[in-house]
There are 4 protein chains.
Amino acid sequence: MEPVNGSLRRSILDISRKMLVDEGFNRISMRKIAQKVGCSATSIYLYFKNKDALLHSLIEEGFEKLYEILSALNHPDKSPARKIEDYCRAFINFGLNNPEYYEIMFQLHPKHMERYPVEKFRRARRNTNLFMNALQELNDERMKSPEDARIWANVFVANIHGGISLLNAGRVDSRVEREKFIDTLVAGILAGSGELKLSHQT
Amino acid sequence: MEPVNGSLRRSILDISRKMLVDEGFNRISMRKIAQKVGCSATSIYLYFKNKDALLHSLIEEGFEKLYEILSALNHPDKSPARKIEDYCRAFINFGLNNPEYYEIMFQLHPKHMERYPVEKFRRARRNTNLFMNALQELNDERMKSPEDARIWANVFVANIHGGISLLNAGRVDSRVEREKFIDTLVAGILAGSGELKLSHQT
Amino acid sequence: MEPVNGSLRRSILDISRKMLVDEGFNRISMRKIAQKVGCSATSIYLYFKNKDALLHSLIEEGFEKLYEILSALNHPDKSPARKIEDYCRAFINFGLNNPEYYEIMFQLHPKHMERYPVEKFRRARRNTNLFMNALQELNDERMKSPEDARIWANVFVANIHGGISLLNAGRVDSRVEREKFIDTLVAGILAGSGELKLSHQT
Amino acid sequence: MEPVNGSLRRSILDISRKMLVDEGFNRISMRKIAQKVGCSATSIYLYFKNKDALLHSLIEEGFEKLYEILSALNHPDKSPARKIEDYCRAFINFGLNNPEYYEIMFQLHPKHMERYPVEKFRRARRNTNLFMNALQELNDERMKSPEDARIWANVFVANIHGGISLLNAGRVDSRVEREKFIDTLVAGILAGSGELKLSHQT
DNA sequence: GATGAATGAGCGTTCATTCAT
DNA sequence: AATGAATGAACGCTCATTCAT
């Protein structure tokens, strides 16, 4: 997968990622990427079989990046509740700061991406698993079984995702302050699982 | 579903709505719609000024339909908690049963739809307002101010939306039962706002 | 040629003539004409076989109109030199005030208008003939034969046409005052045929 | 004329120039050009940004070509009167022999060509300036000021243009011999400016 | 490793025109 | 006398991709 000389490949990924965030997936074309990278459109095909393959690489990188961010918060001396809150906030920040990235990671329907090997989406699970593990560390009886923790972890991710998605799509009532919305969203998530509470009031 | 006679406009709406979910907004073309409808591409322009106008009509229909469903649940003799739960479940059902509508209603970024009059999205508020009103009926001190109720209503919608979105996108862990996921999602939402509880255990 | 009820036909001609001047021949469509007239596009076909036929009618009217203007200047008690100058100025005014009209009358290549019966262009000759007749009234020996007068008449029209054409196309040096250009153009024409002079200096 | 190898750009220019006179600017399409050239419509865009840019190139080439022809006649040991007559005849020949160039150079209204940078039309001035310079070399008091010479130069060009335009459009009376018409046109121009005379009688 | 040349397919849209009523 | 419904053809243009070098 790695080319002999990786620098051009790297540039293509970096630039197309930025363009993705700035202009949206359907608006970027191989031509435009090549132009910004400073190579010919043909050259992209040396490193990526086609546009889809480039997209797949971006998705993978996205999941990787998010996992790096979240797993860095997983200090052993942190309370599980605190971990969960930190995960939530970091997840939200990631989604808001990389909206188009986020779109291809979580909103792209597999049907629209048939060529993408489904199993790769499982990488996303690693992120959900962080939530699951923290939930199991809680002494909550509802979370004792791994099945329950998994369900709740998926629900948490869904809640987070819903917030990011509506914010990015501009569908949150404009009279609601962004900050308060996020705080309430996180508070709701934590409360939802039972005894969790926000670590501080804002 | 066939154009047969008269309502070609209706056929165009129905078919393009269905195509939306199968192929995504940017992948459907006027030609393809026409082909499936069984008319010429030109004919679409007899009923819709352009592609955007067609999409706008679909969005409007979606909001209208959802509001019809939710507002029908707003019986005066129902407890506010029960109302909220009913709203949640009906909302989720709508999203899962009409993924085509859902995608354009909640996932389409305004940036990609610049010509859509933003004010029309305010129709969506009517749905959020149903939640808000029910929340204010609760004797929860956190919901006393309309501002707080509005925030929570938006958070609820975000939570619901996140669940629908991940389910439709096939991003919920396949080991998690769909039913349980939905129940937990709703339970989490209700618990999130404080004293609310599921009306029945599953 | 006249329809039973001529009013709609009249409206179509008037409006399409105005649109022609305002927007150019290729920019007007049957649809747009119909819209401005306030009838259906189909209705235009009741009075004109097709778009070309409508254009032909406009051309005919143009020649007719120009002839009306020019022939009105042909008073018997006017000197031939004065007649010629009056013709020139009236011709120029017509061309400048009806630029698009003018274009279809004088610039439209027969090749592009194959369906237009060539003989109809002979109507335009009536205008040239006014010049020819006036030239023959002069006691200029060079104009004695009708052949010579005809040549000079055609040259005069060409000179006038050249001025109108360049002015309308914005191809006259912008540092040259429009008024002076026209005066010099007319002076040149009159001098060109020998002893003619401008009736007044400006 | 065939694309053969290398200069596809050249073929596109040549062929579209020829098509221009046969079919008119608005009637030629990128597709039709491509078809005649023997390449794909897309390929044209490799050499010209869009249809307008192609047209602009043609216009520029036309002005360049005409200037080459006229300026070659500007020998220092030639009398100004002779220069002017030579310019006239060469100009006319150019217009009659290259009607395709001519149409886009002098007949295309800026309104229909909004994107063409107006300043480029100033190249055409170089041609008018040749007339202007020759006129100033005359010992004609009416031409002493540069302003007057400029006006007369523009009038000369207008006269020439009118003749070419009507000839090319087939609007000169068919009973008039082409040769005589041209001779008379030139004679008229020369006489128009005062003491100029044809260098020979035909 | 990199590219310039080239293309077929497709896009949203407009057009003149026809036909049944 | 007039029209609404419908369409085939064409438009300028962009796209992802290929291929010879």
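Not measured: the values here are computed from a predicted model.
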Discussion item. Rounding to an integer number of Å, can you tell me how far A/R27 CZ sits from F/dA16 C1'?
Written reply: 19 Å
Response to the item:
Hits for side chain to side chain contact (heavy atoms under 4.5 Å, CB included) against D/T42, two or more places apart or cross-chain, chain-then-number order -> D/S40
Practice prompt. Please state how far atom NZ in B/K51 lies from atom C1' in E/dC11, giving the value in whole angstrom units.
Written response: 8 Å
Discussion item. Going by the rule side chain to side chain contact (heavy atoms under 4.5 Å, CB included), which residues pair with C/I15 if we only count those two or more places apart in sequence or in a different chain?
Written reply: C/M19, C/K36, C/V37
Discussion item. In whole Å, I'd like the distance from the CZ atom of B/F48 to the P atom of F/dA6.
Written reply: 12 Å
Worksheet entry | Between CD1 on residue D/I104 and CG on residue D/L20, distance to nearest 0.5 Å | 5.5 Å
Discussion item. So D/I28, base contact, sugar-phosphate only, or nothing? Heavy-atom distance under 4.0 Å.
Written reply: sugar-phosphate
Discussion item. Quick check on F/dA2: is either OP1 or OP2 less than 4.0 Å from any side-chain nitrogen or oxygen of C/Y45?
Written reply: no
Worksheet item: Within this structure, what is the CE-to-P distance between A/M30 and E/dG10, rounded to whole angstrom?
Response: 19 Å
Worksheet item: Which pair of non-hydrogen atoms, one from A/M30 and one from A/N50, has the smallest distance, and what is that distance?
Response: CE-C, 4.2 Å
Discussion item. I want to check one thing: is the phosphate of E/dT14, taken as OP1 and OP2, less than 4.0 Å away from some side-chain N or O of C/S29?
Written reply: no
Worksheet item: Between B/E100 and B/K18, is the closest basic N to carboxylate O distance under 4.0 Å?
Response: no
Discussion item. Just to verify, what does C/Y102 make a side-chain hydrogen bond (donor to acceptor under 3.5 Å, both in side chains) with, not counting sequence neighbours?
Written reply: C/H161
Worksheet item: Within this structure, what is the CZ-to-C1' distance between D/R9 and E/dG4, rounded to whole angstrom?
Response: 16 Å
Worksheet item: Among all residues two or more places apart in sequence or in another chain, which pass the side-chain hydrogen bond (donor to acceptor under 3.5 Å, both in side chains) test with B/E61?
Response: B/R10, B/Y101
Worksheet item: Using Watson-Crick and G-U wobble pairs whose two distances are both under 3.5 Å, how do you write the pairing of DNA chain F as dot-bracket, with | for links to another strand?
Response: .||||||||||||||||||||
Worksheet entry | More than 12 heavy atoms from other groups under 6.0 Å of CD on B/Q35 | no
Response to the item:
B/Y47 atom OH is separated from F/dT7 atom P, nearest whole Å, by 9 Å
Worksheet entry | Gap between atoms CG and P, on B/N50 and E/dC11 respectively (whole Å) | 16 Å
Worksheet, complete the sentence: In terms of heavy-atom contacts, B/S57 and B/R9 come closest through OG-NH2, 4.3 Å
Contacts under 3.5 Å, N or O only, protein and nucleotides 7-9 of chain E:
from: E/dT7; atom 1: OP2; to: D/S40; atom 2: N; distance (Å): 3.0
from: E/dT7; atom 1: OP2; to: D/S40; atom 2: OG; distance (Å): 3.3
from: E/dT7; atom 1: OP2; to: D/S43; atom 2: OG; distance (Å): 2.4
from: E/dG8; atom 1: O6; to: D/T42; atom 2: OG1; distance (Å): 2.6

Worksheet item: Looking at D/K32, does any N or O in its side chain come under 4.0 Å of the phosphate oxygens OP1/OP2 on F/dC11?
Response: yes
Practice prompt. Using a cut-off of strictly less than 4.0 Å, decide whether B/K49 has a side-chain nitrogen or oxygen near OP1 or OP2 of E/dT13.
Written response: no
Practice prompt. Check the distance between E/dA6's P and D/I33's CD1 and give it to me in whole angstrom.
Written response: 16 Å
